[in-house]
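Each remark here refers to the structure printed beneath this line.
For ligands, and for the atoms within them, numbers begin at 1 and follow the listed sequence.
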Amino acid sequence: MSDFDKTELSADEWDELTFPRPAENDFDRVVERAISRRGFLGGVLTFGSGAAAMGAGLISAAPAPALAGGARFPFTPIPARTDGTVHVPEGYSWQVVARWGDPLFSDADLYDVTDGGPVAKSDRVFGENTDGMESFSYRGHQLIAVNHEFANRKVNLPAAQGGTPADAGDVRKLQNLQGVTVMEIAQGLTGWAVVKDSPFNRRIHHNTPIRVVGPAAGHPLLRTEADPTGTLVLGTINNCGSGRTPWGTYLTCEENFNSYFGMTVPAEPAAEKPAEGTAAVAAEPARPTPEQARYGIGPEDWGYDYYKWDARFDVSTTPNEPNRFGWVVEIDPADPNAIPVKHTGLGRFKHENAEVTLAADGRVVVYMGDDERGEFLYKFVSNGIYAPGAPTGGLLDDGTLYAARFNDDQTGEWLPLTPGTTGMDLPGICIHTRIAASAVGATTMDRPEWVSINPFAGEVYCSLTNNKNRGVKPNAGGDATPVNGPNPRETNRYGQIVRWRPRGGDHAAERFDWDLYVMAGNPTVYQDSYAGSANINAGNLFNSPDGMALDSSGMVWIQTDGKDSNAGDFAGMGNNQMLAGDPVSGEIVRFLTGPKGCEVTGLTWSGDRRTMFVGIQHPGGSWPDGSGLPRSSLIAIRRRDNGLVG
Ligand code: FEO
Ligand code: CA
Ligand code: CA
């Protein structure tokens, strides 16, 4: 791991290097599935080439009134761009609301262009690498909760260190700049701005105390020397996508949590171990258990070096600490003193986001993706019923987890993860959810990213961002990943969006019907399935759909986190972007382009729906202010005529 720069690797690339997957060896199975795929793909591509007719036929509920006229976008689509700033359509404007390092409190030092700012105040500023977010209107205050997914070590530490922490203070700074910001924002003469010193302003970071609840709370696998109860964790990490509950709380989702853990006692191949009884025997090498390996916990981290300076991240001495991450965390944005809560009932995996809705009878349903190649799509259905004003305890923990199985005939079922179906006990299912889903034969997916529900049609969308291992290698648990219904392309480099409709329009239903809303591709380069579905054309090229939200009119907003080379397979796609899609006609048009190098992620709206908030993560250059360092930022987009934007 030392002959390359880990800061240049994405989390999934790093995972591959840390735990290389064996090449697929079940060739018969792959070939068999590939044959059935040919017949199936015809169906999908028919959807593409007849998007309007097929799309209408597959949507059972009446379209939203706002969409009754078919495709209509209240803006002129914009072209792809390759430059260093943000573009939005004519008639819209954008402004920066908060940048990495902006003070949330007046006692925080101003951003320092050399390395962001001092350690001592790093938990008093807007964190780095904005991701999922949700806005909340509370007693006349506009609050916004924003995730900070990871830290760019090279820009946050003195340049001479090349991104490597030199002491515990460096580690503390990285820990402080990630997690979640809850803050109040307000509109003034110059637009939206942070309300400095608002009593709602709060940073939740890698050392913030967080309660653990649900079936796995207190389980021996969650206990550590520092927390023998297994119920009080320090921190929430790698906060990726978001969600919101019907009772007004924020959900932040822990994704690539494994990348923060390492082992000071290195693992060694068994063959190189000194023979027992020889003088050379030192400490017993630490080895990942099969369960740790399934989650990518190994000897080396992504380069944060926490484990060298903060013992709880050293798996060789604190083996249970990684079990305390990989959860969905609930935060009350209206109460800055409320201790956040980790819900073990929602399972442990690389959580992307958590899309919450209600079943027909009022039970709480949460849809969740596990973003890793060949991992699964989940839902949780509570036992209890949500009633406004009634206690909500247990609604995100007492219930049943399911993993999705997609059949090639465009039907599917939710497979319950129970002791009876998995052979695991309930806490075990919660802690090692991936293993439980493998046991029931769930469908391996092309990296499930955001899940979002159409509020009008009772249908659910999930971005499957890409998967170069599809049809090539098994997932981390050894499950084969041949092409299958919603993941129909080998070495999938462009991604697709699958959607499903629960039977009877009830999100608690165990069966559903699905189709592909779009298969991204490049018809200027390919004539086969890599051309994409027919709603892809030279005017809306993109790859790697990721962030996604359906707005109050039922419009599908798609954000991308893909290759922005604008060359070869990706020619004509430009920088990462945000597009809008009509769920009925399938038409997709480009709304926003980000600065070179960035990912566009995170989307929410002001209470009056006249402002759209969008996150620009890991921009290149020195966007947005030319200060010399790239500053991940939250931006606000409005119509110049003050009209609604979603
Ligand atoms: Fe943090 Fe899968 O995106
Ligand atoms: Ca994402
Ligand atoms: Ca992504």
- Message: Any donor-acceptor pair under 3.5 Å linking the side-chain atoms of E459 with those of N454?
- Response: yes
With T236 as partner, the option from E254, K342, R324 fulfilling side chain to side chain donor-acceptor pair (under 3.5 Å) is E254
Taking atom 1 (Fe) of ligand 1 as the apex, C240 SG and E149 OE2 span an angle, rounded to 10°, of 100°
Looking only at heavy atoms, the pair that brings N492 and N466 closest together is O-CB, 3.4 Å
E449 OE1 to E352 OE1 via atom 2 (Fe) of ligand 1, rounded to 10°, gives 80°
For the Ca ion (ligand 2), angle spanned by E352 OE2 and D546 OD1 (nearest 10°) is 90°
Here the N/O/S atom of D371 closest to atom 2 (Fe) of ligand 1 would be OD2
### Message
Using a distance threshold of 3.0 Å, state whether an N, O or S atom of E449 lies below it from the Ca ion (ligand 2).
### Response
yes
Note to self: Is a donor from one side chain sitting under 3.5 angstrom from an acceptor on the other, for R203 and T208?
What the structure shows: no
The atom of E255 among N, O or S that is nearest atom 1 (Fe) of ligand 1 is OE1
Exercise. Before accepting this row, confirm whether a basic side-chain N of the pair D102/R631 lies closer than 4.0 Å to the acidic partner's carboxylate O.
Key: yes
